[in-house]
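Following: one structure in structure tokens, then a few remarks.
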Amino acid sequence: MSIRFYNTLTNQTEEFQPLEPGVVRMYSCGPTVYDFAHIGNFRSFLFADLIRRFLEVMGNQVIHVMNITDVGHMTDDQLADGGGEDKMQAAAKRLKEDKKSGKVPEGAIANPDDPYQVAHYFTQAFIEDARKLGLKLAFEYPQRMPHATACIPEMQQMISELIQKQHAYVGGDGAVYFSVESFPEYGRLSGNTLDQLREGSGGRVQEADQIHKRHPADFLLWKPDQSHIMKWDSPWGTGYPGWHIECSVMARKLLERDVIDIHTGGEDLIFPHHECEIAQSCGANEKQHFARFWMHARFLMVEGEKMSKSKGNFFTVRDVLQGKVTGRPVHPAVLRFELIKSHYRSNMNFTEKGLRDSAGAVRKLNEFERQLSSQTGGQAAEIDNSHPVLAEFLGALSDDLNIAGALGVLFPWMSQPHPDPHTALAVLRTINRILDVAPMEHAEELDEEVSGGEALDIQGLCRGIDEARATKDWPRADELRKQLQEAGYEVRNSPEGTVATRQLA
RNA sequence: GGUGCGGUAGCCAAGUGGCCUAAGGCGAUGGAUUGCAAAUCCAUUAUUUCGGGGGUUCGAAUCCCCCCCGCACCUCCA
């Protein structure tokens, strides 16, 4: 079964094969840690997770690396003068306000003016969110998730290489710039070739910011700046690294190769970020390619609109899990499913209805798993990927991660009779290694968290319903059921009596 | 203006030349079940139709041309 992925570099779907058979080296652009991650961020991260899990089930070892951007970049970093406000400082300001208003728990962060503490605070929050949502990589933190600030020497090393190889120069302002004219391939990924960039620049590029650069598209590698909140010594003065260099460096350092198999990110990173990464890596490593496959997730919309703080449709992961969308807590598996269930190359529309639909799907999958587990005592048969259901499921995913096609195999199969539950369980478990919702790999500790501190006596109420029904006291039974439902439980009858389970969303 | 992706039922969405009188999910409707519900199961739910118009072909949602519409990037953004 051949795997085909859409490659942004060539604008077509191509057969995927890792350079080293059986080992996939993959890099994903990770979060900036100036704030909590939002669901759009996670759509992109979970897309990478889906690729990884799929490739693993297909028999590959996947070495997956994702950076944590904790360098305090400027809001207008692209400008030659590095103008704007430092993002880490902006975060500090917010944190101080949140601390006053009690939004930040006591002791979570001692000194918001220390950018490293700000970064640490939001890094911890990110890892926590990521683990809840089943991002496999988050369980490999920190080995596979390097901090940019821990790789400054390697960045300086690569900048030196680029200067040496005539791909970079020190501008009139003392900053180091990459010379895009030294790299004829610049523009290949995004289609934004140099002449087109010039045409499209309109009035946006300000002359004053350009005088130190040889070409308007030349981008910053190192900015000497004594006043910057995070700064390091370098041969080009004390300052901070440019926005793009960290990814080139960390990919090379942690994947231990000049050429990697897959690089992922959100579609907005195609230009300029990934274009610049390619220029840096290929320039420094003197190789034809940086990543052989570039894969990009399209943006997530919320109720049909682009998510933005000003529109009030901006949701962090914790907002959603805590019930800001649905009015009640949402199980992480539901959010995970919602964010992976649509194709990565189409705009996904995040809606309240979609979230509820996902809750139904996740509940169905989990009940199916429980039923098979109890029938088999948890003993799954030995099977391989040639099982017809798996073959069809994986076949769909092999076609550029056609998740909808794959789910179109899974759901009808679930409702068929399963004369051999041991085999069925094995199939489901294999599928779940990719989906990770039925149950989530790390669900037990999460469930405990959810059910902790419960005020209602769930068991007691269920028994009460059974007793009332036994004496045909219908008003009483209905009243108790209503209590449970209002507390966020689904109530249903079973041969063993009334059962209440927490609503998933 | 440049570059790229997309437009399939009430909604989400698969299908890229004949097995399509178009998968799957949600919803809806009818039925079984239930004290009533929920869950579950069964049935029905695009029948000159796949954004619009031309064309190629024995045959097109699928290929070609033109047009319309949406989204994204070209400036910080996953």
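Note that the structure is predicted; figures quoted are calculated from it, not measured. Just so it is clear: chains get the letters A, B, ... in the order the sequence lines come, proteins before strands, and each one is counted from 1.
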Do any side-chain nitrogens or oxygens of A:W413 fall under 4.0 Å of OP1 or OP2 in B:rG24? no
At 4.0 Å (heavy atoms only), tell me whether A:K482 reaches a base, stays on the sugar-phosphate, or touches nothing. nothing
Mind checking A:Y6 for me? I need base, sugar-phosphate or nothing, with any heavy atom below 4.0 Å counting as a touch. sugar-phosphate
Is any side-chain nitrogen or oxygen of A:K472 closer than 4.0 Å to OP1 or OP2 of B:rU34? no
Are the charged groups of A:R94 and A:D35 less than 4.0 angstrom apart, N to O? yes
Any base atoms under 4.0 Å from A:G408, or only sugar-phosphate, or nothing? Heavy atoms, all strands. base
Within the 4.0 Å heavy-atom criterion, would you say A:L410 contacts the bases, only the backbone, or no part of the nucleic acid? nothing
For A:N349, answer base if it contacts any base atom (sugar-phosphate contacts may also be present), sugar-phosphate if it contacts only those atoms, and nothing otherwise; contact means non-hydrogen atoms under 4.0 Å. nothing
Answer yes or no on whether A:R345 is positioned over the face of A:Y6, meaning its NZ or CZ is under 6.0 Å from the six-membered ring centre and within 45° of the axis. yes
5'-most contact on RNA chain B (nearest-nucleotide basis), A:I465 vs A:N347, goes to A:I465
Give one of base, sugar-phosphate or nothing for A:S346, where a contact means two heavy atoms less than 4.0 Å apart. nothing
Quick one: label A:E490 by what it contacts on the DNA or RNA (base, sugar-phosphate, nothing), any heavy atom closer than 4.0 Å. nothing
Searching all strands shown, indicate the nucleotide that pairs with B:rG17 (Watson-Crick or G-U wobble; both distances under 3.5 Å). none
At under 4.0 Å between heavy atoms, what does A:G40 touch on the DNA or RNA strands: base, sugar-phosphate, or nothing? base
By the 4.0 Å heavy-atom rule, please label A:A404 as base, sugar-phosphate, or nothing. base
Looking at every strand, decide which applies to A:D399 at a 4.0 Å heavy-atom threshold: base, sugar-phosphate, or nothing. sugar-phosphate
Output for pair (A:K364 NZ, A:L410 CG), nearest 0.5 Å, gives 10.5 Å
With a 3.5 Å cut-off and just heavy-atom distances, do the side chain of A:R298 and the base of B:rC71 make a donor-acceptor pair? yes
Rounded off to whole Å, could you give me the NE2-to-P distance for the A:H343 and B:rA14 pair? 7 Å
Could you measure the distance from the CG atom of A:N402 to the CG atom of A:D399? Nearest 0.5 Å is fine. 5.5 Å
Tell me the partner of B:rG10, counting only Watson-Crick (N1-N3 plus N6-O4 or O6-N4) or G-U wobble (N1-O2 and O6-N3) with both under 3.5 Å; none if nothing fits. B:rC26
When you compare B:rA43 with B:rG55, how far apart are their P atoms, in angstrom units rounded to a whole number? 42 Å
Whole-Å distance, A:F299 CZ to B:rC77 P, equals 9 Å
P spacing across the pair B:rA23 / B:rG15, given as an integer number of angstrom: 13 Å
B:rA61 pairs with, by Watson-Crick or G-U criteria that keep both distances under 3.5 Å: none
Could you tell me whether the side chain of A:D478 has a donor or acceptor atom within less than 3.5 Å of a complementary atom in the base of B:rG35? yes
Phosphate OP1/OP2 of B:rC74 contacted by A:N192 side-chain N/O (<4.0 Å): no
Which whole number of Å gives the distance between the C1' atom of B:rA78 and that of B:rA60? 38 Å
Quantified in whole Å, what is the P atom distance between nucleotide B:rC41 and nucleotide B:rG25? 10 Å
Checking all strands, does A:F411 fall into the base, sugar-phosphate, or nothing category for heavy-atom contacts under 4.0 angstrom? sugar-phosphate
Heavy atoms only, 4.0 Å cut-off, all strands: where does A:L269 land among base, sugar-phosphate and nothing? sugar-phosphate
Using the P atom as the point on both nucleotides, what is the distance between B:rG10 and B:rA46, in whole Å? 10 Å
Which value, rounded to the nearest 0.5 Å, describes the distance between A:L135 atom CG and A:D49 atom CG? 5.0 Å
What's the gap between B:rA72 and B:rC66 when it is taken at their P atoms, as a whole Å value? 25 Å
With a 3.5 Å distance limit and no angle check, can you tell me whether A:R336 reaches the backbone of A:L46 through a side-chain donor-acceptor pair? no
So which one's nearest nucleotide on RNA chain B is more toward 5', A:V491 or A:G266? A:V491
With both distances kept under 3.5 Å, what pairs with B:rU40, Watson-Crick or G-U wobble? B:rA32
For A:K306 and B:rC73, is the shortest distance between a side-chain N/O and OP1 or OP2 below 4.0 Å? yes
Protein-nucleotide distance (A:N313, atom CG; B:rC77, atom P), rounded to Å: 19 Å
Can you check the A:L401 CG to B:rA13 C1' distance for me, whole Å? 15 Å
Using Watson-Crick or G-U wobble geometry with both distances under 3.5 Å, which nucleotide pairs with B:rU3? B:rA72
Atom pair distance, as rounded to whole Å: CG in A:N366 and P in B:rU40: 13 Å
Look at all strands and tell whether A:H38 reaches a base, only sugar-phosphate, or nothing, counting heavy atoms closer than 4.0 Å. base
So, is A:N402 close to the B:rG15 phosphate, meaning a side-chain N or O under 4.0 Å from OP1 or OP2? yes
Report the residue from A:F293, A:Y27, A:F5 that forms a ring-ring contact (aromatic ring centres under 6.0 Å, His included) with A:H263. A:Y27
Using the P atom in both, what is the distance from B:rC69 to B:rG31, to the nearest Å? 47 Å
Aromatic stack A:W474/B:rG35: centroid gap under 5.5 Å, interplanar angle under 30°: yes
Donor-acceptor pair present, A:R363 side chain and B:rA39 base, under 3.5 Å: no
Spatial distance of atom OG (A:S179) from atom CZ (A:R214) [nearest 0.5 Å]: 6.0 Å
